[in-house]
2 protein chains.
Amino acid sequence: MGSIPGRRPPVMADVAREAGVSHQTVSRVLNEHPNVRGETRAKVLEAIDKLGYRRNLVARALVTRHSRTLGVVSFDTTLYGPASTVYGIEQAARAAGYFISIVSLKSIDRAGVRDALDYLADQGVDGIVVVAPQRSAAQALTDLHLGVPTVAVEGGEADEVSVVCVDQAEGGRLATEHLLSLGHETVWHVRGPSDWLEAEGRVAGWRAALERAGREAPEPLAGDWSPRSGYEAGRSLASMTDVTAVFVANDQMALGVLRAFTERGVQVPDRVSVVGFDDVPESEFFSPPLTTIRQDFDAVGRHSIEVLLRQIEGGEPHARERLVVPPSLVGRASTARI
Amino acid sequence: MGSIPGRRPPVMADVAREAGVSHQTVSRVLNEHPNVRGETRAKVLEAIDKLGYRRNLVARALVTRHSRTLGVVSFDTTLYGPASTVYGIEQAARAAGYFISIVSLKSIDRAGVRDALDYLADQGVDGIVVVAPQRSAAQALTDLHLGVPTVAVEGGEADEVSVVCVDQAEGGRLATEHLLSLGHETVWHVRGPSDWLEAEGRVAGWRAALERAGREAPEPLAGDWSPRSGYEAGRSLASMTDVTAVFVANDQMALGVLRAFTERGVQVPDRVSVVGFDDVPESEFFSPPLTTIRQDFDAVGRHSIEVLLRQIEGGEPHARERLVVPPSLVGRASTARI
DNA sequence: GACAAGACTGTGAGCGTTAACAATAGGTCA
DNA sequence: TGACCTATTGTTAACGCTCACAGTCTTGTC
């Protein structure tokens, strides 16, 4: 398989010499050009194999102006949601023959997003997926952007770019209606941080469901997605006697709520029902197992690549699509009839 | 800021013309070459700004033979450990001015690893980090590899490449000794899948600690890292009357164990003490809060980049380092004196 | 005031590939 | 048979940058 260490790797010209053809013919074989005689092709392939030749994608990218690399900008890939989405993106991209270059942001202010996009644009990516669940990120996308096809995951109403998202409001509605259908008078809500579009969508769905049922919406409790913030919200809720149902904006916070309830002797679901959001793998084993709203992160990742590739390869780099993935309710033991 | 859509982006020659200098002088300014007159530099920078010029990194990579991109091969970036490690890698790499290209593997057989490495090598990465916690992956690394500096995270004894890892055996020892110090006669173990080096390291540490204390090591229960497998192990353990202490090989399985114990009315920590591994953010809010072994994934990620860059930039591409990060015990409410 | 040693700038080649065009061979059709 | 097509191959020129080398312009020194 060639490639003696220390010697410079073979290039197309070496293969051409070995096979007794021109470098262009080698290029044709590599690019599966139809007009190459079978015999010639065989000679070239043999030479490639003999020398252990691998084509230089950097040189190729220089002349074709396509790197076959997609950029992904994401916020905190340590969280289950973004991690799963990025995973789906990566799988779909690789299946389509694209590389993935990742930038994980710590803070998601406009400057950070701008830097990340510039950074990726410099590298010559053919397209960018921004997992931009925050309003600020989505806004940053709206003004800046330069000429690379872009799709935003959870990008809100942004009409400058294509968007793929889960219908968060629908999720909030499903959770709330589930609780109401169990006979609860009203449903409390532990919400996510206010800059997050997902948090707002869930609040909106929750509020809409309550309104439609003619119920009063209590003041939502603030959280920041962390179990700790859920725990603190849970302590507040535990001290209120009229709380019988809580919709928590993600499973991690729901875990904190459950913990606080356990400490205070508040039985779930006997005295209070709890619904989470995300369906992380752990939630089935919470105590009690958590009723939650399932988001198909994998589908979101796959779809975002599909949309992006349509823009890149379909020759409509500025096309704008909007693709909404529906969430679903997963019923478990943390909710019960009042 | 220049860059009229539709027109081809400006290149170095355009900047040179605008500034009235040669393209080489522009290159010098960009590369911070010392011998450029301040006035000239200013003219060039002004022209760059005016035209909105951005240097083409692909062309640069072609001639320098350095892409300033590092490849990362990882297995299931949905899990907290790999996700956190990759996050640390990404942050450290970007801080050092490198891009990160990611390949997430579904299955980690030799062919998969080989493909991933080839794929990245084709792309022209300057170095590769393989997050290879499985024995098979580590072995795959050992034979194949071609000429790109490589570092393995959790790569076992592989002596073909540099390795950065957490001292898993030490973690197992810490967990076990903690339980023994609380007066438990022996410690049961729910282990991870047998192909995983981390699982084996933890088993080894557990066994060693028991041996040193002169205790019998019970047969470990098999798990696959998932909460469900922990749950099943937990059901078995709940039915044994002589179990008072369990060391579970990760926090997710520990959650499953706790769930099973709760269902069977086994009090933790009153009747059985439980220790996990990883210190995921949720574990503090399990019921009860989980005593666990903390791994500094972030440090592992950072160190792996440091080691890799030393190989790449230090001119010793085949140097082999071994860097071990110590774990630590985080005491919480799931363990108590017998 | 001439000369060497720097400081600064420009010229040309080449990185490894693909695109555009040219050239050759073999055959078809009137 | 000769013009004319088509299949196949080769030649040359980019792509946008950096490297090596060759200039030119300042200084400082005696």
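Residue numbers begin at 1 in each chain, while the letters A, B, ... track the order of the sequences. As the structure is a computational prediction, the values presented were derived from the model and not from experiment.
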Hey, what are the protein-to-nucleotides 13-16 of chain D N/O distances that come in under 3.5 Å?
residue: D:dC15; atom: O3'; partner: A:Arg65; partner atom: NH2; Å: 3.2
residue: D:dG16; atom: OP1; partner: A:Arg65; partner atom: NH2; Å: 2.6

Distances under 3.5 Å between protein N/O atoms and the N/O atoms of nucleotides 23-26 of chain D, please, pair by pair.
none

N/O to N/O distances under 3.5 Å, protein versus nucleotides 22-27 of chain C:
none

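The residues B:Glu46 and B:Lys50 are annotated as not salt-bridged, no charged nitrogen and carboxylate oxygen being separated by less than 4.0 angstrom.
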- Item | Pair A:Val103-B:Glu90, side-chain contact (heavy atoms from CB on, under 4.5 Å): steps then yes or no | CA-CA 7 Å; A:Val103 179; B:Glu90 197 274 337; 4.1 Å; yes
- Take A:Val161 and A:Val151 through the test side-chain contact (heavy atoms from CB on, under 4.5 Å) and record every step on the way to the result. CA-CA 6 Å; A:Val161 295; A:Val151 34; over 6 Å; no
- Task: Starting from the C-alpha separation in whole Å, work towards a yes-or-no answer on side-chain contact (heavy atoms from CB on, under 4.5 Å) for A:Ile102 and B:Arg94.
- Result: CA-CA 10 Å; A:Ile102 288 205; B:Arg94 191 143 48 91; over 6 Å; no
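No donor-acceptor pair closer than 3.5 Å links the side chain of B:Asp126 to the backbone N or O of B:Leu70.
Here C:dG16 presents its P atom at 16 Å from CZ of A:Arg54, a figure rounded to the nearest Å. When rounded to the nearest whole Å, the span between CD1 of B:Ile48 and P of D:dC17 equals 10 Å.
For the pair B:Glu198 and B:Val166, the minimum side-chain heavy-atom distance is 4.5 Å or more.
The side chain to side chain contact (heavy atoms under 4.5 Å, CB included) search around B:Asp14 returns B:Arg8, B:Pro10, B:Val11, B:Arg17, B:Leu51, not counting sequence neighbours. Partners of B:Arg37 according to the side chain to side chain contact (heavy atoms under 4.5 Å, CB included) rule, which considers only residues two or more places apart in sequence or in another chain, are B:Glu39, B:Thr40. Applying the ring pair (Phe, Tyr, Trp, His ring centres under 6.0 Å) test to B:Phe75 and every residue at least two apart in sequence or in another chain returns B:Trp196. With sequence neighbours left out, the side-chain hydrogen bond (donor to acceptor under 3.5 Å, both in side chains) criterion links A:Asn56 to no other residue. Taking A:Tyr98 as the reference, nothing meets the ring pair (Phe, Tyr, Trp, His ring centres under 6.0 Å) condition, with sequence neighbours excluded. Residues satisfying the side chain to side chain contact (heavy atoms under 4.5 Å, CB included) test with B:Ser84, not counting sequence neighbours, are A:Thr78, B:Tyr80, B:Phe297.
From B:Ser67, atom OG reaches atom CG of B:Leu62 across 11.5 Å, with rounding to the nearest 0.5 Å.
Using a 4.0 Å cutoff on non-hydrogen atoms, the parts of residues 29-42 of chain B near DNA chain D are B:Asn31, ordered by number.
Partner of A:Val164 under the side-chain contact (heavy atoms from CB on, under 4.5 Å) criterion, chosen from A:Ile305, A:Leu308, A:Val307, A:Thr85: A:Val307.
Backbone-only engagement by A:Val21 is indicated by non-hydrogen atom pairs under 4.0 Å involving sugar-phosphate atoms exclusively.
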Can you give the donor-acceptor pairs under 3.5 Å from side chains of residues 28-35 of chain B to other protein atoms, not counting sequence neighbours?
residue: B:Asn31; atom: OD1; partner: B:Arg55; partner atom: NH1; Å: 2.8
residue: B:Asn31; atom: OD1; partner: B:Arg60; partner atom: NH1; Å: 3.0
residue: B:Asn31; atom: ND2; partner: B:Ser27; partner atom: O; Å: 3.1
residue: B:Asn31; atom: ND2; partner: B:Ser27; partner atom: OG; Å: 3.3

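Where the helix from C:dG1-D:dC30 to C:dA30-D:dT1 starts and where it ends, the local axes point in directions that differ by 50°; five pairs per end, rounded to 10°.
Along DNA chain D, the nucleotide closest to B:Gln24 and the one closest to A:Ser22 are compared, and the more 5′ of them pairs with A:Ser22.
A donor-acceptor pair shorter than 3.5 Å cannot be found between the side chains of A:Thr69 and A:Gln123.
Using a 4.0 Å cut-off, some side-chain N or O of B:Thr25 falls inside it from OP1 or OP2 of C:dG10. Between A:Thr64 and C:dT18 there is no side-chain polar atom (N or O) within less than 4.0 angstrom of OP1 or OP2.
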